[in-house]
Amino acid sequence: MRTPIIAGNWKMFKTLPEAQALAREIVAGTHKGEVEIVLIPPYPFLSSVADLISGSGIELGAQDLHVIAGDNEKLEHFGARTGMVSAPMLKSVGCRYVLVGHSERRQYFGETDHQVGLKVRAALDCGLEPILCLGESLEEREAQQTLSRVATQLQKGLRLVPQNEMTRVVVAYEPVWAIGTGKVATPAMAQEVHAHIRKEIAALYCAMTAQTVRIQYGGSVTPDNAPELLAETDVDGALVGGASLKPESFSGIVAFNER
Ligand code: 13P
């Protein structure tokens with residue numbers, strides 16, 4: 001039995017007072033039951049949001065992490081890297097989760113599958129649980145490359161993760177063409193890719209591991225479309241962008257899972 005995980009990725013939105021108000025309203029208005037809820041604010045607001053959600057059962061996540069890879073991929077978590085934030089820093093301000101390989105990181109910051117694999121390793125090394133994001137572009141979908149693209153991202157993202165650590169990894173399937181566009185994957189499309197990801201995890205590890213890993217769907221999730229997406233067998237929650245910025249819509253997505 002996989003506990004659904006609903007995460008709100010606030011991306012580069014909100015000022016500190018707005019972020020605090022949003023966190024307060026989510027704590028007050030969201031019924032927490034059999035669902036895990038994660039708030040993922042921008043870096044400068046992490047400590048403050050950590051305080052506001054303390055004791056509520058809601059978890060904290062970060063949007064990215066930095067790691068320095070030396071010879072033989074020896075990982076360093078501290079160093080002269082102006083502007084960057086590493087896994088132990090995130091852990092020390094109360095993060096449990098961290099997004100790795102979000103498509104916006106890949107698209108705008110040139111993050112490669114190789115770097116994503118190192119970041120997943122860095123997160124696990126420092127006691128964080130990575131949410132490994134993957135998904136195809138519109139061109140890849142139209143060229144029937146969705147399943148192969150997602151499988152490659154998965155294999156490379158998990159290349160440094162042994163089986164015994166897979167219980168600490170969450171996968172998020174986010175088709176790039178559905179992010180922030182209002183174009184949501186149909187439940188059948190999402191289920192097809194989620195089932196494929198689970199099959200690939202079974203091939204990389206074993207069937208039991210594949211059954212325990214949670215796979216979130218992300219891309220224009222709203223309270224209206226969440227029920228049918230989340231009803232699919234292999235959809236174990238949602239990674240929500242735009243709709244997580246309004247307390248009532250985020251709580252509405254969580255509420256469906258409570259029924
Ligand atoms: P939207 O819900 O705004 O489409 O964003 C999805 C996303 O990228 C979450 O990480």
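Each ligand, and each atom within it, is numbered from 1 in the order the structure gives. Note that the numbering runs from 1 along the sequence shown for the chain.
The protein heavy atom nearest to atom 7 (C) of ligand 1 is Glu174 OE2, 3.0 Å. Atom 5 (O) of ligand 1 has as its closest protein heavy atom Lys11 NZ, 3.2 Å. Among all protein heavy atoms, the one lying closest to atom 3 (O) of ligand 1 is Gly242 N, 2.8 Å. In terms of protein heavy-atom proximity, atom 2 (O) of ligand 1 is nearest to Gly241 N, 2.9 Å.
Atoms of ligand 1 found under 4.0 Å from any heavy atom of Leu239 (numbered from 1 in listed order, with element): 9 (C), 10 (O). Per-residue contacts place His102 under 4.0 angstrom from the following atoms of ligand 1 (heavy atoms of the residue considered): 7 (C), 8 (O), 9 (C), 10 (O). Atoms of ligand 1 lying under 4.0 Å from at least one heavy atom of Ala178, given by number and element, are 4 (O). Close contacts between ligand 1 and Gly219 involve ligand atoms 4 (O), 6 (C) [criterion: under 4.0 Å to a heavy atom]. Close contacts between ligand 1 and Asn9 involve ligand atoms 9 (C), 10 (O) [criterion: under 4.0 Å to a heavy atom].
For atom 4 (O) of ligand 1, the choice among Ala7, Pro175, Gly180 with the nearest heavy atom turns out to be Gly180.
Counting only distance, with no hydrogens or angles, the side chain of Arg105 and the backbone of Val100 share no donor-acceptor pair below 3.5 Å.
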message = Does Ser48 form a side chain to side chain donor-acceptor pair (under 3.5 Å) with Gln20? I'd like the steps, not just the answer.
response = CA-CA 7 Å; Ser48 179; Gln20 289 169 325; 2.9 Å; yes

request  = Could you check Trp177 against Glu139 for side chain to side chain donor-acceptor pair (under 3.5 Å), going step by step and ending with a plain yes or no?
outcome  = CA-CA 9 Å; Trp177 49 269; Glu139 297 71 43; over 6 Å; no

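For the pair Ser220 and ligand 1, the shortest N or O to N or O distance falls below 3.5 Å.
Judged by distance alone, the side chains of Asp234 and Gln191 do bring a donor and an acceptor atom under 3.5 Å apart. Looking only at atom types and distance, the side chain of Glu174 has a donor-acceptor partner in the side chain of His102 under 3.5 Å away.
By the 4.5 Å heavy-atom criterion applied to side chains, Tyr217 and Leu230 are not counted as neighbours.
To the nearest 0.5 angstrom, Cys95 atom SG is 11.5 Å from Glu129 atom CD.
Screening His194, Arg198, Gln216 for a side-chain hydrogen bond (donor to acceptor under 3.5 Å, both in side chains) involving Asp236 leaves a single residue, Arg198.
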